[in-house]
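Working notes for the structure below.
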Amino acid sequence: MNVRDAVFAVVGRIPPGKVLSYGHVADLVDGVRVTPLTVGRIMATADADAPWHRVMARDGELVIARRSPRLAELQKIRLLSEGVAFDGEGRVRMDLHTWHPGGTLFDDMEGD
DNA sequence: AACTTGACGTGAC
DNA sequence: AGTCACGCCAAGT
């Protein structure tokens, strides 16, 4: 199991409408020791098929915007399409949409 | 196939 | 608030 696979295994399990931070993904990856930076690195090489848009900075900021405003816009559109709310500063409401794995069938109820 | 370079974080100090 | 260390992978040459 490569780190890349382990990371995408976690990312791939994020349900629509839910999001995770790099650090959170890194923490969920088990069996392999990874840093949030590593997650970010790998996410940078994510396939279009992967739900890469559900991963962002812990602050809710779309980090990709630093490098590609165009992709950031795409990410934002995808998130909005899933019902993810943003605050007035263009950041994702992590407090409302952070995914709590293990869970559950109720992983969608925390959004209120 | 080996080496170099680039690159989407986060918490502690 | 800025700096530092940590769990460094992937792509190009």
Side-chain angles (χ1 to χ4, degrees):
Chain A
M1 175 75 86
N2 288 330
V3 177
R4 181 186 158 96
D5 288 332
V7 169
F8 278 119
V10 174
V11 175
R13 289 187 179 90
I14 305 175
K18 308 305 282 186
V19 299
L20 284 181
S21 69
Y22 299 102
H24 211 149
V25 172
D27 189 60
L28 289 175
V29 173
D30 188 41
V32 176
R33 186 138 280 208
V34 297
T35 65
L37 241 168
T38 302
V39 174
R41 302 258 33 182
I42 295 173
M43 289 303 300
T45 66
D47 297 336
D49 184 59
W52 55 269
H53 57 282
R54 295 180 190 145
V55 185
M56 59 219 54
R58 199 175 186 281
D59 196 27
E61 178 184 333
L62 304 186
V63 186
I64 182 62
R66 301 172 187 170
R67 297 173 50 89
S68 176
R70 206 291 248 184
L71 286 178
E73 192 64 17
L74 175 61
Q75 181 173 15
K76 186 175 182 179
I77 290 174
R78 281 189 173 185
L79 291 172
L80 287 173
S81 186
E82 295 180 354
V84 174
F86 284 74
D87 64 6
E89 301 177 10
R91 296 182 304 193
V92 175
R93 282 276 189 163
M94 299 299 288
D95 55 322
L96 297 179
H97 300 290
T98 298
W99 178 45
H100 294 260
T104 138
L105 306 144
F106 301 103
D107 54 5
D108 208 312
M109 68 181 277
E110 61 187 293
D112 191 43

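A note on names: the letters A, B, ... follow the listed sequences, proteins ahead of strands, and every chain is numbered from 1. Just so we're clear, the structure is a prediction, and the values are computed from it rather than from any experiment.
Spacing between atom CE of A/Met43 and atom P of B/dG9 amounts to 12 Å, rounded to whole angstrom units.
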Give every donor-acceptor pair under 3.5 Å between a side-chain atom in residues 27-39 of chain A and any protein atom, sequence neighbours left out.
unit_1: A/Thr35; atom_1: OG1; unit_2: A/Leu37; atom_2: N; d: 3.4
unit_1: A/Thr35; atom_1: OG1; unit_2: A/Thr38; atom_2: N; d: 3.1
unit_1: A/Thr35; atom_1: OG1; unit_2: A/Thr38; atom_2: OG1; d: 2.8

Using atom types as modelled, flag every donor-acceptor pair under 3.5 Å from a side chain in residues 75-84 of chain A to any protein atom, sequence neighbours excluded.
unit_1: A/Gln75; atom_1: NE2; unit_2: A/His53; atom_2: O; d: 3.0
unit_1: A/Gln75; atom_1: NE2; unit_2: A/Val55; atom_2: O; d: 3.2
unit_1: A/Arg78; atom_1: NH1; unit_2: A/His53; atom_2: ND1; d: 3.4
unit_1: A/Glu82; atom_1: OE1; unit_2: A/Gly17; atom_2: N; d: 3.0
unit_1: A/Glu82; atom_1: OE1; unit_2: A/Arg54; atom_2: NE; d: 3.2
unit_1: A/Glu82; atom_1: OE2; unit_2: A/His53; atom_2: NE2; d: 3.0
unit_1: A/Glu82; atom_1: OE2; unit_2: A/Arg54; atom_2: NE; d: 3.2
unit_1: A/Glu82; atom_1: OE2; unit_2: A/Arg54; atom_2: NH2; d: 2.8

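A heavy-atom distance below 4.5 Å is found between the side chains of A/Arg13 and A/Trp99. A/Met43 has its side chain out of reach of A/Val25: every pair of non-hydrogen atoms, C-beta onward, lies at least 4.5 Å apart. Within the 4.5 Å cutoff, the side chain of A/Phe86 has heavy atoms near those of the A/Leu62 side chain.
Nearest heavy atoms, A/Ala57 versus A/Val63: CB-CG2, 3.4 Å. Smallest separation of non-hydrogen atoms from A/Trp52 and A/Leu74: CZ2-CD2, 3.8 Å. Across all non-hydrogen atoms, the minimal contact from A/Phe8 to A/Ala50 is CE2-CB, 3.8 Å.
Side chain of A/Asp87 to backbone of A/Glu89: a donor-acceptor contact under 3.5 angstrom is found.
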For every nucleotide of nucleotides 4-11 of chain C, 5' to 3': is a protein heavy atom under 4.0 Å from its base (B), only from its sugar-phosphate (S), or from neither (-)?
---BSSS-

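Spacing of P atoms, B/dT5 relative to C/dG7, comes out at 25 Å, to the nearest Å. For the P atom pair drawn from B/dG6 and C/dC6, the interatomic distance equals 23 Å after rounding to whole Å.
An anti orientation is assigned to B/dG9, its glycosidic angle lying beyond 90° of 0.
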Using a cut-off of under 3.5 Å, enumerate the N/O to N/O pairs linking the protein to nucleotides 11-13 of chain B.
unit_1: B/dG11; atom_1: OP1; unit_2: A/Arg58; atom_2: NE; d: 2.8

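No contact: A/Ser68 has no heavy atom under 4.0 Å from any strand.
Here the rule is side-chain contact (heavy atoms from CB on, under 4.5 Å) with A/Met94, and of A/Arg58, A/Met56, A/Glu61 only A/Met56 fits it.
For A/Arg70, there are no salt bridge (charged side-chain N to carboxylate O under 4.0 Å, His left out) partners at least two apart in sequence or on another chain.
Both key distances under 3.5 Å define a Watson-Crick or G-U pair, and stretches of 3 or more such consecutive pairs in DNA chain C run B:2-6 with C:9-13, B:9-13 with C:2-6.
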